[in-house]
Structure formats: structure tokens, C-alpha cells
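Sequence positions, counted from 1, serve as the residue numbers for this chain.
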Amino acid sequence: MTLVTRALLTKLPKAELHCHLDGSLRPSTMLELARLAGVSMPHDSAEALGDYMIVRSARNLEDYLTRFAITLSVMQSAEAMERCAYELAEDAAAEGVRYLEVRYCPALNTAGGLTLAHVVEATLKGLRRAERELPIVCRVIICGLRSLSPDLSLRLAQLAVDFRSEGVVGFDLAGGEAGHPAAAHRDAFHFAAAHGIACTCHAGEGDGASSIRSAIDDCGATRIGHGTRLLEDNALLEHVRRSDITLELCLTSNVQTHAAESLALHPARQFFDAGLRVVLNTDNRLMSGVTLVDEYCSAATELGFSFAELSTIALNGFRSAFLPSEQREELVAAATAQIAGLGASQ
């Protein structure tokens with residue numbers, strides 16, 4: 001059996017499908033952008049700010065989300081959006097991520113006068129630069145928010161369609177889950193899907209299994225963000241398995257939001273053993289204080305995943321990418337060959 005080490009998991013080619021741009025800024029960049037924008041930060045040193053931004057005492061998902069007001073305060077210019085996108089891709093590439101889907105809600109980046117289109121253009125500019133300079137492929141998922149109006153969600157789905165040939169590949173619904181049903185935003189999902197945009201949806205993180213069912217049945221989601229409460233409904237779990245719906249799992253943030261009691265009790269192991277297609281992700285690198293390598297290490301140490309199993313999870317990420325089949329298969333083939341080489345070197 002291959003010894004699972006941090007060095008090996010760093011070399012493992014990985015795909016990250018659930019990573020929020022506004023939750024993944026570098027503290028040093030936040031301070032620089034704050035000075036440029038005339039915005040104050042809770043701390044003046046990158047180390048102290050980074051420590052402050054890690055959520056350690058959230059009561060629930062909604063409490064966890066309050067930190068985003070701080071990052072968003074410095075993400076209101078085209079230059080900031082481009083820089084943050086580039087740096088996220090740079091950080092991911094250094095962790096062995098070879099395919100990255102960055103998600104965010106552009107409506108939250110217009111307070112400084114940017115239009116929705118300008119926000120997306122700036123983000124894509126940063127990601128394209130990363131693709132030119134680094135061994136990584138980057139795409140964008142545009143998010144609606146459950147707490148905002150369905151009309152805005154439809155506008156954001158239309159925005160995703162407008163940029164589908166530029167690098168936007170998906171539409172998502174994020175934000176506080178309880179009391180904000182995904183079904184209210186079904187028109188946005190249907191519009192996106194009808195125009196060639198793939199759909200994922202946050203569900204089963206801050207609400208029960210019925211929220212996951214709604215994301216699938218009402219909104220047509222082919223991937224589920226988090227989905228930790230899927231175990232509450234065995235029939236739904238079997239439907240997810242048969243339909244090959246991907247679960248975008250985020251171990252650390254699920255513990256922070258109390259969607260999981262602890263890393264050791266996270267349902268990722270049960271999902272994998274039940275034959276579900278699971279993928280590991282960071283969710284928010286800044287607020288969770290993690291890298292994707294950290295999440296893979298936690299899966300190994302806390303949940304007993306072997307290197308072979310973690311390799312399967314990594315390949316699941318490439319197989320679940322919101323890309324045309326030919327591009328997806330190329331990434332899978334490249335990752336498969338690299339993984340075989342890693343195993344042979346042990």
C-alpha cells in the first residue's frame with residue numbers, strides 16, 4: 001500500500017470544483033487593496049488578519065458568512081478582481097490543482113461602479129493570465145444568492161450565458177440556505193441549462209435532505225455543493241448514486257458551519273463507500289484556513305482514505321468538470337497518467 005504523505009498529495013493532480021473567490025483572498029493582498037481603496041481592515045498585519053479571518057466560533061452557516069463583508073470591501077474594482085482571481089489560481093497551481101472552477105456572485109462586486117459584465121471580464125482576465133503562466137486550466141461559475149431576489153438570479157444566469165464562450169461554465173445558488181428555497185430561483189436554473197450552462201447548487205449544508213431534493217428536482221442541478229445531510233434520505237441518496245450526481249464536499253468548512261460534527265465524523269467516508277461520486281474542495285481558503293492539500297490530508301488522517309481512494313476522488317473532480325466532454329477526457333487522461341507515475345515511484 002502506498003504511504004500517504006503530504007508531499008505525495010501535493011504532487012497528486014487535483015481538480016477543485018467548489019472554491020469561492022471572495023473567500024480565498026491572501027491577507028497580504030487584502031491589506032494592499034484596502035490601502036488603495038481607503039478601506040480599514042480589522043488588523044494591520046497579514047498574519048493577524050489571516051488569523052482573524054479564520055472562522056472558529058460560527059454558530060451556523062449564516063454566522064460563517066458574515067466574514068465575507070470584509071473581503072468584499074476590497075473587491076470593488078476591476079484591478080482588484082483581476083488580481084484576486086490570478087492569485088487564487090496561482091495558489092491552487094502550487095498545490096497541484098490542474099483544473100479550477102472559481103465561483104462568486106458578481107452582484108456583490110458592483111458597489112464601486114462596476115457593471116456585472118465588467119466584474120466578470122476582470123475575473124476572466126486574471127484567470128487567463130494564470131493559464132498562460134501556470135500549469136492550470138481555470139473556469140468560472142456565477143452564483144445567485146438564495147437571500148436575494150429570483151429576478152436577480154435570472155439576470156445572473158443571463159450573465160453566465162453571455163460569457164459562456166469566454167470561460168463561464170456554470171451557474172450556482174449560494175448563501176444562507178434555511179428559509180430560502182432553491183425552487184424560488186428555478187427560472188434562473190432553467191434559463192442557464194437551456195442555453196448550455198451547467199448547474200450546481202449549494203444544498204444540504206444549512207438545511208435538510210429536502211433541500212438537496214429540490215436542487216435536483218426543481219433546479220436540475222447535476223452537482224451538489226456540500227450535501228452533508230444526504231444521509232437523512234436513503235431513497236434520495238440512491239437516486240444521487242444512480243444519476244451520478246457529484247457531491248462537492250468541503251470537510252473543514254462543514255465542521256466550521258456545524259454541517260458536520262467533526263472531521264472524523266464527516267459523512268465523506270460513508271458517501272464514498274456507498275458509491276457516490278465525491279470530490280474534495282476548500283470552499284473558502286481564507287475563512288477555513290486551508291489549502292486543498294490540507295483537505296486531502298484530513299481525508300487520509302481523519303477518515304482513513306488510502307492513496308488509491310484519494311486518487312479516485314481526484315479523478316472524480318476532472319470527470320465532473322463543467323467542460324465539453326473532449327476537454328474533460330483530456331484532463332482525465334493526463335491526470336491518470338500522472339497518478340500512475342506517482343504510484344510507480346513509491
Report task. Report the C-alpha distance between Arg128 and Glu166 in whole Å, list the side-chain angles of each, state the deciding distance to 0.1 Å, and finish with yes or no for salt bridge (Lys or Arg N to Asp or Glu O under 4.0 Å). Result -> CA-CA 10 Å; Arg128 288 193 197 103; Glu166 304 297 323; 3.3 Å; yes
Looking only at side chains, do Ser214 and Asp218 share a donor and an acceptor under 3.5 Å apart?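 Checked: Ser214/Asp218 side chains pair up, N/O donor to acceptor below 3.5 Å.
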So, do [X] and [Y] sit near enough that their side-chain heavy atoms are less than 4.5 Å apart?
X	Y	value
Val120	Leu124	yes
Pro150	Asp187	no
Met75	Met81	yes
Cys84	Leu33	yes
Cys105	Leu156	yes

Okay, side chain of [X], backbone of [Y]: is any donor-acceptor separation there less than 3.5 Å?
X	Y	answer
Lys14	Leu9	yes
Thr110	Ala107	yes
Asn316	Val278	yes
Glu101	Phe322	yes
Thr29	Leu25	no
Ser320	Gly317	no
Glu95	Leu292	yes
Glu131	Cys138	yes
Glu205	Glu177	no
Asn281	Val279	yes

Nearest-0.5 Å distance, [atom1] of residue [X] to [atom2] of residue [Y]:
X	Y	atom1	atom2	value
Glu302	Cys297	CD	SG	11.0 Å
Phe307	Thr312	CZ	OG1	10.0 Å
Leu331	Thr336	CG	OG1	10.5 Å
Leu286	Asp22	CG	CG	10.0 Å
Leu145	His185	CG	NE2	8.5 Å
Arg277	Ile224	CZ	CD1	14.0 Å

Does the ring pair (Phe, Tyr, Trp, His ring centres under 6.0 Å) test come out yes or no for Phe272 and Phe305, once each step is laid out? CA-CA 10 Å; Phe272 184 88; Phe305 280 93; 5.3 Å; yes
Between [X] and [Y], does at least one N-O distance fall below 4.0 Å, as a salt bridge requires?
X	Y	value
Glu16	Arg285	yes
Asp244	Arg223	no
Arg229	Glu232	yes

Q. Going only through I, L, V, M, F, W and Y residues with side-chain contacts under 4.5 Å, is there a path from Leu265 to Leu303?
A. no
CZ/Arg269: more than 12 non-hydrogen atoms of other groups inside 6.0 Å: yes
* To do: Mark yes when over 12 heavy atoms from residues, nucleotides or ligands other than Asp273 sit less than 6.0 Å from its CG; otherwise mark no.
  => yes
Could you walk me through whether Cys219 and Leu173 pass the side-chain contact (heavy atoms from CB on, under 4.5 Å) test, one step at a time?
CA-CA 10 Å; Cys219 303; Leu173 189 64; 5.8 Å; no
Passes salt bridge (Lys or Arg N to Asp or Glu O under 4.0 Å), Arg83 versus Glu87? Steps please.
-> CA-CA 6 Å; Arg83 177 176 177 177; Glu87 289 181 350; 2.9 Å; yes
Test log, rule salt bridge (Lys or Arg N to Asp or Glu O under 4.0 Å), inputs Arg26 and Asp91: CA-CA 9 Å; Arg26 296 174 181 172; Asp91 292 343; 2.7 Å; yes
Quiz prompt | Centroid separation Phe189 to Phe171 less than 6.0 Å | solution = yes
Option passing side chain to side chain donor-acceptor pair (under 3.5 Å) with Asp172 (candidates His20, His18, Arg103):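 That would be Arg103.
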task: I would like to know whether Ile216 and Leu236 meet side-chain contact (heavy atoms from CB on, under 4.5 Å); could you show each step before the answer?
output: CA-CA 10 Å; Ile216 296 169; Leu236 179 60; 4.3 Å; yes
Contacts of His258 meeting ring pair (Phe, Tyr, Trp, His ring centres under 6.0 Å) (sequence neighbours excluded), chain-then-number -> none
Query raised in the report: Looking at Tyr52, is Arg67 sitting on its ring face, NZ or CZ under 6.0 Å from the six-membered ring centre and within 45 degrees of the normal?
Result: yes
